Amino acid sequence: MSSKAPAAQESRSSTVESAKSFIAGGFGGVSAVLVGQPFDLTKTRLQTAGPGVYTGALDVVKKTLARDGITGLYRGMVPPLLGVTPIFAVSFWASAYDTSKKLILAITPQRSSQTLSTAELAAAGFLSAVPTTLITAPVERAKVVLQASQGKETGERKYKGVIDVVRHLYREGGMRSIFRGTGATLARDGPGSAAYFAAYEVTKKALTPAGSSPSELNLGAIIVAGGSAGIAMWALAIPPDACLVISRQKRWC
């Protein structure tokens with residue numbers, strides 16, 4: 001009985017830590033959406049508007065505020081909340097990135113070092129985007145349709161909300177319509193995730209003092225690493241993202 005007690009305690013501790021990670025990831029996803037939604041809406045409307053509709057990002061914000069008030073900047077927020085939040089939660093709980101790194105180590109058993117190269121980190125990042133795309137693709141499709149339709153200068157709104165969008169898409173072509181653009185989403189998120197995780201790991205390593213471990217970095221350093229990773233990701237992801245948003249609005253994919 002005594003030998004089983006530590007094992008049971010360790011199992012409970014692991015479960016508690018997993019639950020904490022899941023909840024923390026969920027709150028992280030909510031925070032990311034709340035902060036990023038106005039920027040994302042501005043980006044989407046710039047990408048989908050016709051020539052001459054907006055002069056730039058500030059013009060999008062001014063016209064949105066004038067027409068819809070502050071809540072207008074958060075239109076189309078429900079799909080990301082429903083999609084990004086579980087993605088973040090699952091990523092923290094059972095990291096697809098960590099799993100991808102273990103996979104790379106498993107398929108290269110003759111390696112001389114257990115430390116992954118930058119190229120291998122990028123490959124792990126790309127692989128981590130594959131499972132999350134199944135959630136991201138329909139969420140992005142509904143979000144783009146909603147944001148683009150409510151960006152018309154006429155002020156007329158085609159959809160009442162995200163549920164109305166999903167119903168319309170389903171009537172239009174069933175589940176295939178809802179998941180349209182999944183391949184294009186992976187073409188954006190795969191390279192983007194590769195750049196993100198590679199830049200994140202490289203930046204953390206560069207900020208780590210000699211003789212220390214990256215796990216000992218303070219919050220400020222982690223934020224810098226995350227910011228650098230985000231810049232690297234969008235530097236690659238913006239061109240395919242623009243094509244993806246426009247193609248979804250025009251129903252090319």
Side-chain angles (χ1 to χ4, degrees), residues 27-85 87-88 135-169 172 178 180-181 184-185 187-189 191-192 195-196 199 223-224 226-253:
F27 275 102
V30 171
S31 300
V33 173
L34 291 177
V35 173
Q37 180 64 21
F39 298 96
D40 185 74
L41 181 135
T42 301
K43 172 182 70 69
T44 299
R45 290 188 175 173
L46 275 176
Q47 291 171 337
T48 58
V53 175
Y54 300 113
T55 58
L58 288 178
D59 191 39
V60 175
V61 174
K62 288 178 182 178
K63 289 181 177 178
T64 301
L65 289 174
R67 184 172 58 249
D68 301 318
I70 191 67
T71 58
L73 294 175
Y74 288 88
R75 295 199 185 282
M77 187 174 69
V78 174
L81 279 177
L82 296 177
V84 172
T85 301
I87 287 174
F88 271 66
I135 301 176
T136 305
V139 166
E140 287 276 319
R141 178 149 165 72
K143 182 197 71 175
V144 168
V145 170
L146 189 60
Q147 288 180 342
S149 68
Q150 294 177 341
K152 306 298 184 183
E153 288 305 301
T154 61
E156 182 180 350
R157 295 173 187 164
K158 184 177 179 180
Y159 304 105
K160 298 177 182 178
V162 61
I163 295 178
D164 192 30
V165 172
V166 174
R167 285 175 179 169
H168 175 80
L169 292 175
E172 182 182 68
I178 294 175
R180 184 178 296 162
T185 301
R188 178 199 65 186
D189 291 354
Y196 180 92
I223 291 175
V224 170
S228 300
I231 292 172
M233 179 188 74
W234 282 110
L236 281 183
I238 277 292
D241 178 74
C243 294
L244 179 61
V245 170
I246 294 172
S247 66
R248 273 180 171 149
Q249 195 220 4
K250 301 292 186 181
R251 299 182 182 179
W252 295 338
C253 71

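Keep in mind the model is a prediction, meaning the values are calculated, not measured.
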Notebook entry, point to check: Is the closest basic N to carboxylate O distance between D40 and K43 below 4.0 Å?
Noted result: yes

Checklist line | Between CG on residue D241 and CE on residue M233, distance to nearest 0.5 Å | finding: 9.0 Å

Next item on the list: Using atom types as modelled and distance alone, determine if a side-chain donor or acceptor of K63 lies under 3.5 Å from a backbone N or O of V53.
Entry: yes

Notebook entry, point to check: Which heavy atom of A199 sits nearest a heavy atom of A232, and at what distance?
Noted result: CB-CB, 3.6 Å

Notebook entry, point to check: Of the non-hydrogen atoms in I70 and L65, which two are nearest, and what is the gap between them?
Noted result: CA-CD2, 3.7 Å

Next item on the list: Take R141 and T185 through the side-chain contact (heavy atoms from CB on, under 4.5 Å) test and state the conclusion after the steps.
Entry: CA-CA 10 Å; R141 178 149 165 72; T185 301; over 6 Å; no

Check: If you look at every heavy atom in Y196 and A229, which pair is closest and at what distance?
Finding: O-CB, 3.2 Å

Note to self: Is there a side-chain contact (heavy atoms from CB on, under 4.5 Å) between L34 and M77? Walk through the geometry before answering.
What the structure shows: CA-CA 8 Å; L34 291 177; M77 187 174 69; 3.9 Å; yes

Next item on the list: Of all the heavy-atom pairs spanning P191 and A187, show the shortest one and how long it is.
Entry: CD-O, 3.1 Å

Checklist line | Q37 CD to T42 OG1 distance, which is reported to the nearest 0.5 Å | finding: 9.5 Å

Checklist line | side-chain contact (heavy atoms from CB on, under 4.5 Å) assessment of R188 paired with T136 | finding: CA-CA 11 Å; R188 178 199 65 186; T136 305; 3.9 Å; yes

Note to self: Testing the basics here: between A195 and L236, what is the closest heavy-atom pair and its distance to 0.1 Å?
What the structure shows: CB-CD1, 3.6 Å

Margin query: To the nearest 0.5 Å, what is the distance between CD1 on I238 and SG on C243?
Written below: 11.0 Å

Notebook entry, point to check: Please walk me through it: do R45 and T64 pass side-chain contact (heavy atoms from CB on, under 4.5 Å)?
Noted result: CA-CA 10 Å; R45 290 188 175 173; T64 301; 3.2 Å; yes

